Number of protein chains: 2
Amino acid sequence: MNVVNDSPRRQELIRVAAQLFVQEGFDRTTVRMLAQQMGIKSGSLFHHFRDKQEILCAVIEEGTQNALAMAREALAQCDNDAQMRLHAMARAHLQTLLTDRNAHVVALYEWRRLDGDSRDHLGHLRDAYEQIWQEVIGEALEAGLIRGDKLLLSRFVLGALNWTVRWYDPDGVQSPETLASELIGMLGAPAKTPA
Amino acid sequence: MNVVNDSPRRQELIRVAAQLFVQEGFDRTTVRMLAQQMGIKSGSLFHHFRDKQEILCAVIEEGTQNALAMAREALAQCDNDAQMRLHAMARAHLQTLLTDRNAHVVALYEWRRLDGDSRDHLGHLRDAYEQIWQEVIGEALEAGLIRGDKLLLSRFVLGALNWTVRWYDPDGVQSPETLASELIGMLGAPAKTPA
DNA sequence: AGGCTAACCAAGCAAGCGCTAGTGTAAATG
DNA sequence: CATTTACACTAGCGCTTGCTTGGTTAGCCT
């Protein structure tokens, strides 16, 4: 049992695991299935991960880190216009949900299968992400673009956005761009896109 | 293996199963755990249910039927005022989410563990429920209370509402009533409650 | 050439899983 | 009274699970 922390092999394992966890669910995905999908034997997995839990943790961390980075980048490329920042956040969220779809679905559905320590660690990451949302929504409130309670608004908006993984068809006609516009349009603010 | 369809014993089993499925997840809940919680032996369970899958199906059906009934009742006690009907739907949804919390959480999280037949059967039930939502939202659109695409609106709204099971605290200050008002208020329509 | 290491394999253990077969029993039913 | 029904029990079969152990391979560095 060696467990290296960052290798291309491990990255690949995480990717394949994410896909399997979505297809079958965490509990129904056996180490043998994952191993076979990688063309190795089940025992060899434990050279890369301490146990099955660690694989789940790695998958979710991957997705959450990306979402966080994407949100920060999206905001950095924005003026201080509250409307545009709100729109950028929604767009970034939907884009992450698309590009890292598997990881995010796992995060949404298998969160409770995490043990205490992992949940703690990943919980902080998620909190940081939601914090950003609350700030941007706070700005939009001050600018009078939307109305309601800041905390409630962010929860409702995140709920609506996360729910998209249930029905959104990446090959369909709707782009994350238009979806974001529609959502914000419903909140009482007319759509406005960055120049 | 006898399998009776409606007995008080079976109802109780469904209730306890729902709670366990929420606590542990469907896959991690063993027939032995459920049996012990009921004070019987694991083999005795299969007098009431054909197999473990059927328990899951029963739990979800219970919740969905109740939601459907509650929505219809809520609408029946409404005038034809589109605003009030919208509000009634949101309130009913949140109330169901509270009273049948376990069953609904199971429906949201363990849907994919259903086999093909159950998924088919329960899918129709769920479709009927979402159909009602779309109609009410359609009315609200015609009345000019909200704006956006009918299908998208219902998906976003349902997403926001269902997401509440993640953060809503039944012992907190917010009642389903106020939550419903807040949500609809965000959509651009001022809150209005039935007389 | 020799040593080191990441990556893998073969084999299997101990525990736990869903489910079945066959039986017992007390209450309801004819 | 005899029979059926509802519910539970005992005992265990056959299988899968996550994970361990001890050893092998191939490539790299010096």
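Lettering of chains follows the sequences in order, A, B, ..., and the numbering in each one begins at 1. All values reported here derive from a predicted model rather than from experimental measurement.
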Q: Is it true that A/Glu110 and B/Arg112 make a salt bridge, defined as a side-chain N closer than 4.0 Å to a carboxylate O?
A: yes

Q: According to side-chain hydrogen bond (donor to acceptor under 3.5 Å, both in side chains), who are the partners of B/His93, at least two apart in sequence or on a separate chain?
A: B/Tyr129, B/Asn162

Q: Rounded to whole angstroms, how far apart are CG on A/Asp51 and P on D/dT20?
A: 8 Å

Q: Nucleotides 8-11 of chain C: which of its N/O atoms have a protein N/O under 3.5 Å away?
A:
| unit_1 | atom_1 | unit_2 | atom_2 | d |
| --- | --- | --- | --- | --- |
| C/dC8 | OP1 | A/Arg9 | NE | 2.9 |
| C/dC8 | OP1 | A/Arg9 | NH2 | 2.9 |
| C/dC8 | OP2 | A/His48 | NE2 | 3.0 |
| C/dC9 | OP2 | A/Lys41 | N | 2.5 |
| C/dC9 | OP2 | A/Ser44 | OG | 3.1 |

Q: Checking B/Ala143 now: which residues fulfil side chain to side chain contact (heavy atoms under 4.5 Å, CB included) with it, not counting sequence neighbours?
A: B/Ala82, B/Leu145

Q: Just grab all the ring pair (Phe, Tyr, Trp, His ring centres under 6.0 Å) pairs involving residues 51-85 of chain B, residues at least two apart or on different chains.
A: none

Q: Expressed as a whole number of angstroms, how long is the span from A/Lys52:NZ to D/dC19:P?
A: 8 Å

Q: Suppose the criterion is salt bridge (charged side-chain N to carboxylate O under 4.0 Å, His left out): which pairs have a residue in residues 162-172 of chain A, not counting sequence neighbours?
A: none

Q: With ring pair (Phe, Tyr, Trp, His ring centres under 6.0 Å) as the rule and sequence neighbours excluded, what pairs involving residues 14-33 of chain A come up?
A: A/Phe21-A/Phe26

Q: Under the salt bridge (charged side-chain N to carboxylate O under 4.0 Å, His left out) rule, what pairs show up with a residue in residues 57-78 of chain B, not counting sequence neighbours?
A: none

Q: Does any pair with a residue in residues 50-75 of chain A pass ring pair (Phe, Tyr, Trp, His ring centres under 6.0 Å), and if so which ones, sequence neighbours excluded?
A: none

Q: Whole Å only: how far is the CD atom of B/Glu54 from the P atom of C/dC19?
A: 11 Å

Q: Could you give all pairs that pass the salt bridge (charged side-chain N to carboxylate O under 4.0 Å, His left out) test and reach residues 12-41 of chain A, with sequence neighbours left out?
A: A/Glu12-A/Arg15, A/Asp27-A/Arg113, A/Asp27-B/Arg28, A/Arg28-B/Asp27

Q: Rounded to whole Å, please give me the gap between CG in A/Leu45 and C1' in D/dT21.
A: 16 Å

Q: Atom CD of B/Glu12 and atom C1' of D/dA8: how far apart are they, to the nearest Å?
A: 16 Å

Q: Using a heavy-atom distance cut-off of less than 4.0 Å, which residues of residues 16-37 of chain A contact DNA chain D?
A: A/Thr29, A/Thr30, A/Val31, A/Arg32

Q: I'd like to know if A/Arg10 pairs up with A/Glu54 as an ion pair, taking the criterion as any Lys NZ or Arg NE/NH1/NH2 lying under 4.0 Å from an Asp or Glu carboxylate oxygen.
A: yes

Q: Can you give me the N/O atom pairs linking the protein to nucleotides 23-26 of chain D at distances under 3.5 Å, or say none if there are none?
A:
none

Q: Check ring-ring contact (aromatic ring centres under 6.0 Å, His included) between B/Phe156 and all other residues, then give those that pass, not counting sequence neighbours.
A: none

